[in-house]
Amino acid sequence: MNETTPPVEWWFSRHPRSVGRARARLREQAEVWGLPPDAVETAVLLLSELMSNAVRHARVPPDRRIAARAALASGVLRVEVCDAGDGLPVPRRVSASDESGRGLALVETLADAWNVQPRPYGIGKAVWFELRVTKQCVNSSDQWPDLDVGFAPWTVTWDS
């Protein structure tokens, strides 16, 4: 495997079934990349949370789509979800009795880095996370990479 792989991108409708479809696509790609099972499980869980948020909270016309992307560079897996909603998510404090609202707290806890930003072109936002994966997955140095591995922001052209 190369140290840096080209990113992969998938497009989904803004429908609850898309969450499971996104998980399946990421699992398939992780297998191609040879990622370890524990990293795959964490990445799939966090992608599920970001996709669920995009499906639930991106209050935009139904014809707008959600993009999910994954890239592997220098031992770091980066996963990004873009939607056309303009609200920026913020982790909430939840009580033990709350039935929802823990998604970003999971991302914050399990990811090595994450952020949300307005998309530089067009409408909407991009929410991403990064996970370190084992050195055996890529031909890299013996050192863990810094998380700032030079991922360029992706731009997505949304169908109108």
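- Distance alone, capped at 3.5 Å, places no donor-acceptor pair between the S18 side chain and the F12 backbone.
- The side-chain hydrogen bond (donor to acceptor under 3.5 Å, both in side chains) check on S48 picks up R23, with sequence neighbours excluded.
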**Request:** Determine, stepwise, if the pair V133 / V76 fulfils side chain to side chain contact (heavy atoms under 4.5 Å, CB included).
**Result:** CA-CA 6 Å; V133 294; V76 175; over 6 Å; no
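- Taking the side chain as every heavy atom from C-beta outward, R27 and Q29 never approach each other to under 4.5 Å.
- The line from CG of L106 to CH2 of W114 is 11.5 Å long, rounded to the nearest 0.5 Å.
- With sequence neighbours excluded, no residue satisfies salt bridge (charged side-chain N to carboxylate O under 4.0 Å, His left out) with R21.
- Within the 4.5 Å cutoff, the side chain of W33 has heavy atoms near those of the L77 side chain.
- Residues L110 and L46 meet the side-chain proximity criterion, which asks for heavy atoms closer than 4.5 Å.
- Side-chain contact between V8 and R69 is absent, with no heavy atoms from C-beta onward closer than 4.5 Å.
- Side-chain contact between M51 and R14: absent, with no pair of heavy atoms (C-beta onward) separated by less than 4.5 Å.
- Across all their heavy atoms, L47 and A22 have their closest contact at CD2-O, 3.5 Å.
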**Request:** List the steps, then state whether side chain to side chain contact (heavy atoms under 4.5 Å, CB included) holds for V127 with V107.
**Result:** CA-CA 10 Å; V127 184; V107 173; over 6 Å; no
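- Counting only heavy atoms from C-beta outward, the side chains of L131 and T42 approach each other to under 4.5 Å.
- Distance check, rounded to the nearest 0.5 Å: NZ of K125 to CD of E80 gives 12.0 Å.
- Taking every heavy atom of both residues into account, A30 and V40 meet most closely at CB-CG2, 3.5 Å.
- Closest approach of S13 to I66, counting heavy atoms only: O-CD1, 4.3 Å.
- For E31, the salt bridge (charged side-chain N to carboxylate O under 4.0 Å, His left out) criterion is met by no residue, not counting sequence neighbours.
- V79 and W128 end up in different hydrophobic clusters when Ile, Leu, Val, Met, Phe, Trp and Tyr side chains are linked at under 4.5 Å.
- Note that CZ of F129 and CD of E49 are 10.5 Å apart. Values are rounded to the nearest 0.5 Å.
- Put simply, the side chain of D112 gets close to the backbone of R132: a donor and an acceptor are under 3.5 Å apart.
- Using a 4.5 Å heavy-atom cutoff, the side chains of N53 and D83 are not in contact.
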